[in-house]
Number of protein chains: 2
Amino acid sequence: MTPGDTNSAPDRPTGRGRIDKRRAILDAAIRVFAREGYVQAGLDAIAAEAGVAKPTIYNHFGGKENLFREAVLEATQRSSAKTLAALEGFPTPQPDDLRTELEGVATRLVECFRDENSWALQRLLYAETVRFPAVFDDWRATGPAKVSDALAGRLARLANSGRLSIAEPDRAAGQFLALIADGMPMLSALGTRPIDDEALHEAVTSGVETFLKAFSPRDAEDQEEQEKQDEASGRSAGAGRRPRSRSAASPRH
Amino acid sequence: MTPGDTNSAPDRPTGRGRIDKRRAILDAAIRVFAREGYVQAGLDAIAAEAGVAKPTIYNHFGGKENLFREAVLEATQRSSAKTLAALEGFPTPQPDDLRTELEGVATRLVECFRDENSWALQRLLYAETVRFPAVFDDWRATGPAKVSDALAGRLARLANSGRLSIAEPDRAAGQFLALIADGMPMLSALGTRPIDDEALHEAVTSGVETFLKAFSPRDAEDQEEQEKQDEASGRSAGAGRRPRSRSAASPRH
DNA sequence: ATCGAGTTGAACTGACGAGTTCAATCCTTT
DNA sequence: AAAGGATTGAACTCGTCAGTTCAACTCGAT
């Protein structure tokens, strides 16, 4: 109406100065999207939460879809960076106790996974991957793929120094993550309830325990012969079981 | 409270009016909800797909929320029954080859998990657990909890007959499922793309391999001493590591 | 044939959201 | 101080959807 009543509040949170409107919008967007879901989230709500007018959103991003894409990408990068940081310093150059070493990194990783933002991101992806396949691809590439890769490299170091017996570091990394984190969705109700710390710690240590039982070097000569494990022979489903390597069914040979 | 109360046959068992509109509505509902998500799914679309008028939906279920609850519950029961059926006949009374046995049941389980309905259900739960916490609880109780329990019991049989060395069957069941199925979300892009059969089979056999390496009985006397694994003593990180079993740093020889 | 419960199509209400427009306003630059 | 671009608030269009109402209809039961 008349300009006599403009700015009823003398304090303006971020003022009208354009500091980082863009950042503010992205922050608010990922929060609202996470809370309401893509369809339910309203641009008015995002604008309000960002302390920004609705047209400003259209100035920076072209519309809802693009805003969603950029917000998810931003959140993915932030989450991924945090998780990769949890891998820093693992493994210790000459770890005294391998179990402690693994439990340490596992705990740090799980601490990342239990983060509210991480869960929100995952719920959004499950909900919207059908609508936004490209968003899922970006997420996989800059999130889990990087983490799994980095972990594989570090496990490979331990294997190389003889502390672990790992033929395929990539697979071992995936299995390590599966063992320590697979129970979390149930423990936290897909991230919607606080996790019981005791139960989580039990799950993590138990996962590390199983990982160690599976990948601890058992015999000295095992280490040498696991370099070659190619799959030159076809692996048709109906074919009989090949002896493979020193795998498991015959520890004494 | 038991579900077998009224209509279940295509004939009208009681003085009910028409054919089983109710079933048709539930079928269409879960399909549309799975395809569009809860918010986006329209009751008009569900009515059309069920071959039913919109008011009929309100006659049977009171509104959208209740329809969603009942549709998800129905889908959960169907999916759970299928998965439990995959556990039938495992383990074979006297399995020749434990690896084949485990790979068999793992393959059957994974075949259930890759089902389109199973994925749709999971995506819906991730998307709507915030809005419908009770739905998640029902799903967990009649779905994963049952499956994990049943698997634990069957693994316990194998442990009891000395084929496996398992201290905590429940945890082992969870870890078995994690090892064989944790890679599926990535392989299938959360169920939105067909899985590469080769890659899936590799993941399953590799998971079974790791499981066997971890839980194959190694020494005879081990079996006895792992019954008591209480945590009476505090498990502070800095404390000396208890010898536990033959786990890692002591290659017998 | 009649009754009546269940079903149907259609139209309607009320609410909400995406996207747009525009004059007024703020901040920075010159 | 003046210019000029970014930002703002508010109102508006257009479409969708949950939920409701109602007269007409179907079909089995009596």
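Atom set for the values below is all heavy atoms of this structure, side chains included, hydrogens, waters and symmetry mates excluded.
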Quick one: which protein N/O atoms are closer than 3.5 Å to N/O atoms of nucleotides 15-21 of chain C? Pair and distance per line, please.
unit_1, atom_1, unit_2, atom_2, d
C/dA18, OP1, A/A41, O, 2.8
C/dA18, OP1, A/K64, NZ, 2.9
C/dA18, OP2, A/L43, N, 2.8
C/dG19, OP2, A/Y58, OH, 3.0
C/dG19, OP2, A/K64, N, 3.2
C/dG19, N7, A/K54, NZ, 3.2
C/dG19, O6, A/K54, NZ, 2.8

- Task: Using the six-membered ring of A/Y38, assess whether NZ or CZ of A/K64 lies under 6.0 Å from its centre and within 45 degrees of the ring axis.
- Result: yes
Any donor-acceptor pair under 3.5 Å from [X] side chain to [Y] backbone:
{"X": "B/T205", "Y": "B/H201", "answer": "yes"}
{"X": "A/T76", "Y": "A/W139", "answer": "no"}
{"X": "B/R157", "Y": "B/P91", "answer": "no"}

- B/H60 side-chain N/O to C/dG6 phosphate OP1/OP2 under 4.0 Å: no
- Below 4.0 angstrom from OP1 or OP2 of C/dT8, is there any side-chain N or O of B/T56? yes
Tell me the interatomic distance from [X], atom [atom1], to [N], atom [atom2], rounded to whole angstroms.
{"X": "A/I25", "N": "D/dA6", "atom1": "CD1", "atom2": "C1'", "answer": "12 Å"}
{"X": "B/F68", "N": "D/dG19", "atom1": "CZ", "atom2": "P", "answer": "14 Å"}
{"X": "A/D20", "N": "D/dA6", "atom1": "CG", "atom2": "C1'", "answer": "14 Å"}
{"X": "B/I57", "N": "D/dA18", "atom1": "CD1", "atom2": "P", "answer": "10 Å"}

- Could you tell me whether B/R22 and B/E70 have a side-chain N and a carboxylate O separated by less than 4.0 Å? yes
- Task: Among A/Y126, A/F33, A/F68, find the residue that satisfies the ring pair (Phe, Tyr, Trp, His ring centres under 6.0 Å) test when tested with A/F132.
- Result: A/F68
